[in-house]
Participant: 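What follows is a single structure, and I will ask about it in a moment.
FYI, the numbering just counts along the sequence from 1. All values reported here derive from a predicted model rather than from experimental measurement.
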Amino acid sequence: MRNEQLSRIAWAMALILMFAGAASAADIPDAWVTMKTKVSLMTTEGLSTMDLNVDTVKGVVTLHGKVATEAEKAKAETVARGIDGAKEVKNLLQVVPSAQREVVERSDDLIKKGIDDAFEANRRVSTSGIKVASVNKGVVLLSGKTRSLEAHLEAVEVANAVRGVRRVATEVEVMPPS
């Protein structure tokens with residue numbers, strides 16, 4: 001009799017743990033998955049995100065827009081599949097060869113100053129703890145710690161928009177809210 005009770009308790013605990021694990025994966029908000037995917041895509045080398053959009057509904061990530069090559073389309077899907085909380089990825093990207101973005105030659109010092117000025121003018125980014133760690137031949141490295149994934153995404157977007165920036169890489173650590 002006692003063994004039967006212990007067996008029932010063990011089964012109940014196993015079920016609780018199983019459902020708790022499933023619930024925790026489902027608890028990741030769609031907005032977080034979308035922002036994390038955007039940041040990852042924007043900071044992936046060899047992937048142009050100028051005409052790429054991301055939507056997430058119930059953990060299903062949908063990629064929209066245009067990329068220049070099949071390789072970029074495949075790379076975007078691979079990156080999106082690697083995001084925690086992405087249950088499925090729908091890749092609706094269209095391959096449309098485009099003229100290369102005109103590269104504007106600017107000194108790294110001018111690029112850094114432009115990004116620093118843009119960060120200072122942006123209230124969310126200026127108070128986020130995110131800074132420009134370095135600029136090397138137009139490749140920008142962001143660093144710092146922030147509590148806002150939104151600020152991280154916005155910092156990458158703002159830096160990417162500065163004239164002369166070829167690519168943005170990030171070592172920013174998004175800390176959990178306290």
Side-chain angles (χ1 to χ4, degrees), residues 21-104 111 114-115 118-119 122 124-125 128-130 132-133 135-177:
S24 67
D27 289 341
I28 298 175
D30 287 340
W32 186 92
V33 174
T34 296
M35 282 186 278
K36 188 69 176 166
T37 303
K38 285 181 178 181
V39 168
S40 294
L41 290 169
M42 292 178 76
T43 57
T44 298
E45 190 166 355
L47 185 60
S48 172
T49 57
M50 297 300 272
D51 201 13
L52 195 147
N53 297 304
V54 179
D55 294 313
T56 307
V57 177
K58 296 183 181 177
V60 177
V61 176
T62 304
L63 304 174
H64 308 267
K66 298 174 188 167
V67 292
T69 66
E70 282 291 336
E72 283 189 52
K73 181 177 179 176
K75 186 179 271 192
E77 184 172 337
T78 300
V79 169
R81 287 190 187 285
I83 301 299
D84 284 341
K87 297 176 185 172
E88 181 184 338
V89 175
K90 292 183 180 178
N91 191 343
L92 303 180
L93 293 172
Q94 297 175 335
V95 177
V96 180
S98 62
Q100 291 293 320
R101 179 177 163 190
E102 187 176 318
V103 177
V104 177
I111 293 170
I115 296 170
F119 278 13
N122 184 305
R124 180 180 285 166
V125 177
S128 70
I130 299 171
V132 178
V135 180
N136 185 4
K137 297 180 183 169
V139 177
V140 177
L141 177 62
L142 302 179
S143 66
K145 293 182 180 181
T146 186
R147 297 208 179 278
S148 168
L149 188 58
E150 293 89 349
H152 187 198
L153 174 61
E154 198 159 333
V156 171
E157 291 173 334
V158 167
N160 204 30
V162 171
R163 214 172 110 237
V165 171
R166 295 174 191 260
R167 190 171 80 79
V168 178
T170 179
E171 292 178 345
V172 173
E173 186 178 348
V174 179
M175 308 295 290

Participant: Excluding sequence neighbours, so at least two apart, what forms salt bridge (Lys or Arg N to Asp or Glu O under 4.0 Å) with E157?
Facilitator: none
Participant: List for me each residue that meets side chain to side chain donor-acceptor pair (under 3.5 Å) alongside S128, sequence neighbours excluded, and say none if there are none.
Facilitator: none
Participant: Could you work out, with side chain to side chain donor-acceptor pair (under 3.5 Å) as the rule, every residue matching T56, not counting sequence neighbours?
Facilitator: T34
Participant: List the atom of I83, the atom of W32, and the distance in Å for their closest heavy-atom pair.
Facilitator: CG2-CZ3, 4.5 Å
Participant: Please round to the nearest 0.5 Å and tell me the distance separating atom OG of S48 and atom CE of M42.
Facilitator: 10.0 Å
Participant: Can you list, pair by pair, the side-chain donor-acceptor contacts under 3.5 Å of residues 74-82, counting residues two or more places apart and other chains?
Facilitator:
from	atom 1	to	atom 2	distance (Å)
K75	NZ	E45	O	2.8
E77	OE1	N91	ND2	3.1
E77	OE2	R81	NE	3.2
E77	OE2	R81	NH2	2.8
T78	OG1	A74	O	3.0

Participant: Taking the side chain as everything from C-beta on, heavy atoms only, tell me whether L142 gets closer than 4.5 Å to F119.
Facilitator: yes
Participant: Which atom pairs, one a donor and one an acceptor, fall under 3.5 Å between side chains of residues 58-69 and the rest of the protein, sequence neighbours left out?
Facilitator:
from	atom 1	to	atom 2	distance (Å)
H64	NE2	D55	OD2	2.9
T69	OG1	A71	N	3.4
T69	OG1	E72	N	3.0

Participant: Working to the nearest 0.5 angstrom, can you tell me the gap between D30 CG and M35 CE?
Facilitator: 10.5 Å
Participant: With a 4.5 Å heavy-atom cut-off, do L149 and L153 have their side chains touching?
Facilitator: no
Participant: Can you see which heavy atom on I111 is nearest to which on R163, and at what distance?
Facilitator: CG1-O, 3.9 Å
Participant: Suppose we screen for side chain to side chain donor-acceptor pair (under 3.5 Å). Which residues come up paired with R167, at least two apart in sequence or across chains?
Facilitator: none
Participant: When rounded to the nearest 0.5 angstrom, what is the spacing between CE in M175 and CD in E173?
Facilitator: 4.5 Å
Participant: So which atom in L41 and which in L47 form the shortest heavy-atom distance, rounded to 0.1 Å?
Facilitator: CD2-CD2, 3.6 Å
Participant: Which heavy atom of V172 sits nearest to which heavy atom of H152, and what is that distance?
Facilitator: CB-NE2, 3.5 Å
